[in-house]
Amino acid sequence: MFEIFKDQNNELLTEEITDKKPKRKITRLKNMAKKPSQNFKRNEETVVSILKSLSDEEKDLLTEKNQLLGVEETLKKRIINEIEAKKSRITSLQMEIPELKKRLEFLAKMLEIPVVK
């Protein structure tokens, strides 16, 4: 391949080349060995931070859910109170109407006005 460099130093050149190749491989292996542990550490930190943020979000959502359930309960109670109040008024009006009709009929008879029912 390097026929141009064939001379007395050919042996020296081959030694340097052979010496450099394993060093490069060892350096690469060391770098590769470091990278996974660093990557693993980063991934672990990322996973932990994702888990923490998801836990926080879940906690916030549960708090909001409980608040909404409380508001729902309050509204249901108000609706029940409104229903009871309306029922009471209806009952009261149902009692007043016949009384009012009787008074009107009495007044109409006194004035001799015909009552339309």
Side-chain angles (χ1 to χ4, degrees):
M1 195 163 155
F2 298 125
E3 293 174 0
I4 301 170
F5 298 108
K6 282 187 179 180
D7 61 330
Q8 308 168 8
N9 297 329
N10 192 19
E11 291 178 3
L12 188 64
L13 286 174
T14 55
E15 284 178 12
E16 286 180 24
I17 292 172
T18 55
D19 285 343
K20 288 183 180 178
K21 284 184 180 177
K23 286 182 182 177
R24 287 182 188 165
K25 286 183 182 177
I26 291 172
T27 307
R28 285 183 192 162
L29 289 173
K30 285 181 180 178
N31 289 339
M32 289 174 70
K34 287 180 183 178
K35 287 180 182 177
S37 67
Q38 289 172 350
N39 287 339
F40 180 74
K41 217 173 199 182
R42 287 182 191 147
N43 287 340
E44 189 177 321
E45 289 170 2
T46 303
V47 168
V48 169
S49 66
I50 289 171
L51 180 62
K52 185 182 181 313
S53 68
L54 288 173
S55 295
D56 291 344
E57 185 177 358
E58 181 184 26
K59 192 176 185 180
D60 293 342
L61 290 171
L62 283 172
T63 302
E64 184 178 359
K65 177 186 174 185
N66 288 334
Q67 288 173 345
L68 291 172
L69 287 173
V71 170
E72 181 184 31
E73 192 63 32
T74 302
L75 291 173
K76 282 181 180 180
K77 287 178 183 178
R78 285 184 66 185
I79 288 171
I80 290 171
N81 289 339
E82 284 292 317
I83 289 171
E84 293 299 321
K86 297 252 182 229
K87 282 182 180 180
S88 175
R89 280 198 66 176
I90 288 170
T91 304
S92 170
L93 288 169
Q94 286 174 340
M95 293 174 142
E96 286 179 28
I97 289 174
E99 251 181 65
L100 245 144
K101 282 183 181 179
K102 284 182 185 177
R103 287 193 319 213
L104 289 175
E105 286 175 12
F106 176 74
L107 291 172
K109 280 184 186 178
M110 284 180 78
L111 296 171
E112 297 177 357
I113 301 173
V115 179
V116 181
K117 291 185 181 180

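All residue numbers in this chain count up from 1 along the given sequence. Reckoned from all heavy atoms, side chains included, excluding hydrogens, waters and symmetry mates.
- At a threshold of 4.5 Å between non-hydrogen side-chain atoms, the residues E72 and L69 count as touching.
- Distance check: I97 CD1 to L104 CG gives 11.5 Å after rounding to the nearest 0.5 Å.
- Contact check for E64 versus D60: no side-chain heavy atoms found under the 4.5 Å cut-off.
- If you take NZ on K86 and CG on L93, they are separated by 10.5 Å, rounding to the nearest 0.5 Å.
- Going from atom CD of E99 over to atom CD of E96 covers 7.5 Å, rounded to the nearest 0.5 Å.
- The main-chain N or O of K87 is found under 3.5 Å from a side-chain atom of T91 such that the two form a donor-acceptor pair.
- Remark: K52 NZ to E45 CD distance equals 14.5 Å, nearest 0.5 Å.
- Distance alone, capped at 3.5 Å, is enough to place a donor-acceptor pair between the T74 side chain and the G70 backbone.
- Taking CG from L62 and CD from E57, the interatomic distance works out to 11.0 Å, rounded to the nearest 0.5 Å.
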Might you work through the side chain to side chain contact (heavy atoms under 4.5 Å, CB included) test for E58 and L61, ending with a clear yes or no?
CA-CA 5 Å; E58 181 184 26; L61 290 171; 5.8 Å; no

Give the C-alpha distance, both sets of side-chain angles, the deciding distance and a yes or no for side chain to side chain contact (heavy atoms under 4.5 Å, CB included) between I80 and K77.
CA-CA 5 Å; I80 290 171; K77 287 178 183 178; 5.7 Å; no

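- Taking the side-chain contact (heavy atoms from CB on, under 4.5 Å) definition, one finds that Q67 meets it with T63, sequence neighbours left out.
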